[in-house]
Amino acid sequence: MKWRLVELEQHDAYANMAIDEAVSEGVAAGTSQPTIRFYTWKPSAVSIGYFQSLADEIDLDACRAAGVDWVRRRTGGGAVYHDELGEITYSIIAPEAAFPKGIIDSYRVICGWIIDGLAGIGLQAEFKPINDIIVNGKKISGNAQTRRGGVLLQHGTILYDVDVRKMFSFLKVGKDKLADKMIAAAEERVTSVTKQCGATRDELYGALKTGFTSGKEFEVGKWTETELSRAKELSASRYSSDEWNSQR
Amino acid sequence: MLCLPTFVGGVPIHMICRASEKVAGGKLVRLELEHDGSRILRAKITGDFFLHPEDALGEMEKSLAGMQINASEPEFSSTLAKVVQSESAELVGFSPEILAKLVVNAIATCEAGENK
């Protein structure tokens with residue numbers, strides 16, 4: 001299987017989720033190559049899991065005031081604050097048959113690529129089921145997966161620099177009198193590359209690329225016109241719509 | 001857990017009950033139920049869990065609608081498990097048993113009159 005690597009791009013939340021779906025459709029139809037992509041979010045955004053309630057999870061007023069977007073993912077899992085400069089996100093989109101049938105087993109395979117990447121900047125990371133990667137006992141990466149139409153999509157974030165207080169300001173947790181305690185507790189549970197080593201964001205990205213592509217046949221590629229056109233359509237009709245984002 | 005009555009002309013007609021649980025080693029599951037004192041009218045399940053295929057959740061919610069609110073926890077669990085089986089669904093981070101427990105807890109909270 002020959003992979004396409006689409007190098008680090010920056011999009012808004014709706015386009016990021018729409019590209020994942022457009023490429024998933026292409027892989028299902030046999031018109032898109034299995035794809036590894038890296039991206040960031042501009043403006044910063046909060047994504048929620050497919051089964052989460054928008055109202056329960058996101059402080060929409062705080063997001064509006066800060067110019068932070070929000071979007072519902074196609075994947076399950078929890079709410080994530082994607083800081084424009086604080087993380088690198090990846091997506092893997094490929095035929096389901098290329099991965100173990102077991103959900104946790106397939107997380108383990110793809111998370112292994114992240115772990116290999118983090119090793120490249122000197123971090124010893126480990127997979128923590130169900131869907132996390134930890135360094136020194138603290139979460140540095142969260143991941144989420146869906147399988148539809150014979151295609152596996154897994155996306156996830158690798159935290160480069162995390163500001164827990166800022167993160168919580170956009171989520172519904174941490175708004176009560178225990179906020180300071182919750183922030184302290186979260187700081188005990190979450191870490192980032194900057195907290196663990198002196199690697200730059202470029203060095204992290206380079207190491208992740210190596211971790212994801214090592215041992216694979218791949219070529220650096222671009223989106224096709226069909227993919228871009230479909231992504232634009234999905235961004236407008238689905239991912240930026242209240243109907244989609246407020247469905248639960 | 002939370003339980004809120006809805007009113008028409010000052011008379012409660014439906015009860016909206018909620019329960020949630022962070023599953024040990026798993027995910028957070030929230031359940032919202034509406035019932036009329038006899039039967040469940042609708043159910044909404046939310047949380048940070050995973051479920052493949054995702055569409056199975058709607059079928060699980062539908063399976064609870066119409067059930068007697070005094071059904072037992074094993075009956076709720078069995079109903080949900082049948083949907084899981086028929087949809088060939090895989091639940092990650094929660095289970096039919098957890099959901100059944102939440103249904104019973106949510107209804108019991110309403111009956112206890114909490115948060116009215």
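Chain naming here is simple, since letters A, B, ... match the order of the sequence lines and numbering starts at 1 in each. Being a predicted model, the structure only gives us computed values, none of them experimental.
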- Closest heavy-atom pair and its distance - A:Asn143, B:Phe50: O-CZ, 3.8 Å
- Message: Could you check whether any side-chain heavy atom of A:Tyr50 comes within less than 4.5 Å of a side-chain heavy atom of B:Leu57, counting everything from C-beta outward?
- Response: no
- Note on the structure: Applying a strict 4.5 Å limit to non-hydrogen atoms, the region of A:Ile130 in contact with chain B is side chain
- Step through the shown structure and confirm whether more than 12 heavy atoms of other residues, nucleotides or ligands are within 6.0 Å of NZ on B:Lys22. yes
- Query: Relative to chain B, which of A:Ala79, A:Gly77, A:Gly49, A:Ser53 shows the most heavy atom pairs under 4.5 Å?
  - Reply: A:Gly77
- Query: Hey, would you say the A:Phe51 and B:Phe94 ring centroids sit under 6.0 Å apart?
  - Reply: no
- Query: Does B:Lys101 NZ have over 12 foreign heavy atoms under 6.0 Å away?
  - Reply: no
- Item | Proximal component of A:Arg148, with respect to chain B [non-hydrogen, under 4.5 Å] | side chain
- Do A:Asp56 and B:Glu32 come within less than 4.5 Å of each other through their side chains, counting heavy atoms only? no
- Query: Non-hydrogen atoms of chain B under 4.5 Å away: do they reach the side chain of A:Ile104, the backbone, both or neither?
  - Reply: side chain
- Task: Starting at CD1 of A:Ile103, measure out to CG of B:Leu91 and round the result to the nearest 0.5 Å.
- Result: 10.5 Å
- Query: Taking the side chain as C-beta and beyond, is there a heavy-atom pair between A:Gln52 and B:Leu28 under 4.5 Å?
  - Reply: no
- State, to 0.1 Å, how close A:Thr146 and B:His52 come at their nearest heavy-atom pair, and which atoms those are. CA-CE1, 3.8 Å
- Task: May I ask you to check whether over 12 heavy atoms, not counting those of B:Lys44, lie within 6.0 Å of atom NZ?
- Result: yes
- Item | Residue B:Leu51 versus chain A: region with a heavy atom under 4.5 Å | both
- So which part of B:Glu54 gets closer than 4.5 Å to some heavy atom of chain A, the side chain, the backbone, both or neither? both
